[in-house]
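Lettering follows sequence order; numbering is per chain, from 1. Keep in mind that this is a model prediction, so the values were computed, not measured.
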2 protein chains.
Amino acid sequence: MTKPLERREKLRSDLILAAEKMIADRGLAGLKTRDLAREIGCANGAVYNLVADVDELILRVGSRTLLRLDQALSTAESAGEPSLQETLVRIALAYCDFAAENLELWRALFEHRMEADKLLPDWSIDDQLQLFRHVYEPLAALFPKRSREELGITARSLFSAVHGMVALGLEQKLVAVPLPALRKEIAGLVRAMIDGLIARAA
Amino acid sequence: MTKPLERREKLRSDLILAAEKMIADRGLAGLKTRDLAREIGCANGAVYNLVADVDELILRVGSRTLLRLDQALSTAESAGEPSLQETLVRIALAYCDFAAENLELWRALFEHRMEADKLLPDWSIDDQLQLFRHVYEPLAALFPKRSREELGITARSLFSAVHGMVALGLEQKLVAVPLPALRKEIAGLVRAMIDGLIARAA
DNA sequence: CAAGAAGCTTGAACATCGTTCAATAAATAT
DNA sequence: ATATTTATTGAACGATGTTCAAGCTTCTTG
């Protein structure tokens with residue numbers, strides 16, 4: 001009666017969900033195959049019937065995180081005053097908020113490093129490139145004369161700059177910055193960056 | 001004849017140097033106590049006579065890396081035209097160059113995460129705070145009316161933004177950016193940020 | 001429906017880590 | 001010279017990702 005294909009897919013889905021929860025709770029380093037197996041009710045070795053290795057598992061969790069991040073940025077993109085500059089500020093703040101609310105899962109996106117020889121699957125690369133889109137579109141409206149290529153580069157730079165502020169701001173290594181202060185810094189610097197880009201474009 | 005205290009310190013120094021080389025060659029994940037012991041000619045367990053654990057070893061290597069980074073930024077700070085804005089650009093580019101030339105050691109500074117319970121020793125925190133100084137000073141000269149606190153925050157934001165551009169730019173996960181292109185992006189965005197900060201200050 | 005084929009699941013076993021520790025060797029003190 | 005303190009060793013421990021032969025389940029077919 002039980003269809004093995006369905007059961008397999010169910011288990012697979014459970015595995016990814018359990019891994020997500022485990023990373024969220026204990027960080028990327030706290031992800032253990034034996035704990036996962038116990039969680040989803042199967043043998044340790046069975047994990048490798050559902051997934052090639054932990055790398056793939058982490059990538060699948062990362063894909064889910066990127067999807068949610070994408071949605072959060074989309075929401076920020078449309079909701080609020082239509083000024084392009086303020087739209088970019090909202091996106092940056094949404095990125096900051098998402099990182100703060102999903103700290104360990106967000107960190108896992110960047111902490112994870114594949115072994116040198118095996119390369120990222122395409123579906124994982126695609127996920128990541130989607131993110132720049134949110135910065136690209138307002139930027140293209142702001143600088144209609146620039147080429148697609150120039151805009152792409154600027155979009156990635158802007159995104160990276162905000163990422164850096166969030167990354168070092170949420171790091172506990174140094175003095176931890178209170179979240180409201182970090183948001184204010186980000187908003188200020190994004191506005192300054194846009195101002196500066198407009199001034200240089202003129 | 002051989003003084004054990006000296007021998008110990010020599011071994012300790014060798015250990016840190018060997019760890020530095022190993023991280024530079026194989027990345028933080030490639031650091032293995034057994035390989036280190038063989039390298040410096042002692043037993044595996046002897047590593048723990050020289051250092052409390054690998055965390056401390058990584059921190060000591062990090063301290064050396066931060067020192068060299070500090071020197072590179074100092075050099076960039078003084079060499080070149082005296083315009084404050086261009087000084088900040090040079091510092092940003094020096095950071096980028098250092099990261100590119102010391103990729104694995106630079107990555108190790110940020111990849112390494114201590115276990116939650118034990119906290120960073122003071123000497124390690126001090127090392128890191130020194131870095132912001134290079135951004136703080138030109139910034140203070142550029143905005144003499146601002147308070148020490150405001151300047152500190154802005155300095156950290158600017159530093160973090162550049163860090164983000166370098167971090168994502170040197171990441172091979174996505175499309176690898178050619179180094180000259182990355183340098184150009186960084187210079188452009190730093191100039192824009194300063195322009196924007198000046199405009200908003202007026 | 002029964003029996004063999006095919007695939008799935010299991011958990012023990014392997015290799016590799018960081019780390020510890022009782023035993024050994026060395027250095028120093030008496 | 002002998003005793004005491006200290007340093008060093010390398011075997012052993014516990015954890016971890018991964019593999020695999022053996023057993024079990026499910027499906028196919030006569």
Taking only Lys NZ, Arg NE, NH1 and NH2, and the carboxylate oxygens of Asp or Glu, determine whether A/Lys145 and A/Glu150 approach each other closer than 4.0 Å.
-> no

Results of side-chain contact (heavy atoms from CB on, under 4.5 Å) for [X] - residues two or more places apart only:
X        : answer
A/Ser78  : none
B/Gln130 : B/Asp70, B/Arg133
A/Val54  : A/Thr33
A/Gln85  : A/Ser83, A/Arg191, A/Ile194, A/Asp195, B/Arg200

Check every atom of D/dT8, D/dT18, C/dT19 against the side chain of A/Thr33 and return the nucleotide holding the closest atom.
-> D/dT18

Taking CG from B/Leu11 and P from C/dA26, how many angstroms apart are they, rounded to a whole number?
-> 16 Å

Whole-Å distance separating the CZ atom of B/Arg34 from the P atom of D/dG10 | 13 Å

Ordered by number, residues from residues 35-50 of chain A within less than 4.0 Å of DNA chain D (heavy atoms) are A/Asn44, A/Gly45, A/Tyr48

Which of residues 15-32 of chain B have a heavy atom under 4.0 Å from DNA chain D?
-> none

Contacts of type ring pair (Phe, Tyr, Trp, His ring centres under 6.0 Å), residue A/Phe159, not counting sequence neighbours = A/Tyr95, A/Phe132

Could you note down all residue pairs passing salt bridge (Lys or Arg N to Asp or Glu O under 4.0 Å) where residues 29-51 of chain B supplies at least one of them, sequence neighbours left out?
-> B/Arg26-B/Asp35, B/Asp35-B/Arg38

Mind checking side-chain hydrogen bond (donor to acceptor under 3.5 Å, both in side chains) for A/Glu77 and listing every partner two or more places apart, or none if nothing turns up?
-> A/His134

